[in-house]
Amino acid sequence: MEKLIVPSQDYVRFIDKGEIVLCKSDSCYTWIHLVDGEELVICKSLTKLSLELHSTHFIRVNQSFLVNKGFIKLIDKKKKHIKLINNTQVPFTITLKELLRLLCQ
């Protein structure tokens, strides 16, 4: 599995991309949520991070969230939310048809 390099002031961390549940944008920072519950912050936009991940395992579901499709538990069509295995609910703004197309790739 490919690794994502996450530098900080004191160290450089290598994370398996498969351990990333979701990434959330916060201005020019991005929060990375890992499967073990750990959260990391990097000084990189979600757009730049999504280019680094360049994987078919991640879906940009709205302007602020990038989710690992392997961790999707269910899609609430009425509320337009995706529920992940860690019970996080992420709103999606793309069409349901587009979301399902991306999930099947």
Next item on the list: Decide, yes or no, whether a salt bridge links Lys17 with Glu52 under the criterion of side-chain N to carboxylate O below 4.0 Å.
Entry: no
Note to self: I need the Lys73 NZ to Lys83 NZ distance, nearest 0.5 Å.
What the structure shows: 5.0 Å
Check: Take atom CD in Glu38; do more than 12 heavy atoms of anything else shown fall under 6.0 Å from it?
Finding: yes
Notebook entry, point to check: What heavy-atom pair brings Lys44 and Lys48 nearest, and what distance separates the two atoms?
Noted result: CG-CB, 3.7 Å
Check: Going by heavy atoms in the side chains, are Pro91 and His81 under 4.5 Å from each other?
Finding: yes
Next item on the list: Kindly check if the number of other-residue, nucleotide or ligand heavy atoms within 6.0 Å of NZ (Lys24) is above 12?
Entry: no
Notebook entry, point to check: Which value, rounded to the nearest 0.5 Å, describes the distance between Ile32 atom CD1 and Leu34 atom CG?
Noted result: 7.0 Å
Margin query: Using 0.5 Å steps for rounding, measure from the CH2 atom of Trp31 to the CG atom of Leu40.
Written below: 8.5 Å
Note to self: Restricting to non-hydrogen atoms, name the atom on Leu49 and the atom on Cys23 that form the minimum distance, rounded to 0.1 Å.
What the structure shows: CD2-SG, 3.6 Å
Margin query: Under the rule for side chain to side chain contact (heavy atoms under 4.5 Å, CB included), what residues qualify as partners of Thr47, not counting sequence neighbours?
Written below: Ser45, Arg60
Next item on the list: Quick one: do Phe14 and Ile5 satisfy side chain to side chain contact (heavy atoms under 4.5 Å, CB included)? Show the steps, please.
Entry: CA-CA 5 Å; Phe14 298 88; Ile5 299 170; 3.6 Å; yes
Checklist line | Asp16/Lys3 ion pair, N-O < 4.0 Å | finding: yes
Margin query: Do Val12 and Val6 make a side-chain contact, defined as non-hydrogen atoms from C-beta onward lying under 4.5 Å apart?
Written below: no
Next item on the list: Walk me through it: do Lys79 and Gln89 pass the test side chain to side chain contact (heavy atoms under 4.5 Å, CB included)?
Entry: CA-CA 10 Å; Lys79 294 181 182 177; Gln89 291 189 8; 5.7 Å; no
Check: For Thr88 and Asn86, does a side-chain donor sit closer than 3.5 Å to a side-chain acceptor?
Finding: yes
Next item on the list: Under 4.5 Å between side-chain heavy atoms, chaining through other members, with only Ile, Leu, Val, Met, Phe, Trp and Tyr counted: pull out the rest of the cluster around Ile59, sorted by chain and number.
Entry: Val21, Leu22, Val35, Val61, Phe65, Val67, Phe71, Ile72, Ile75, Ile82, Leu84, Ile85, Val90, Phe92, Ile94, Leu96, Leu99, Leu100, Leu102, Leu103
Check: When you measure from the side chain of Thr30 to the backbone N and O of Leu46, does any donor-acceptor pair fall under 3.5 Å?
Finding: yes
Notebook entry, point to check: Are side-chain heavy atoms of Val41 and Glu39 found at a separation under 4.5 Å?
Noted result: no
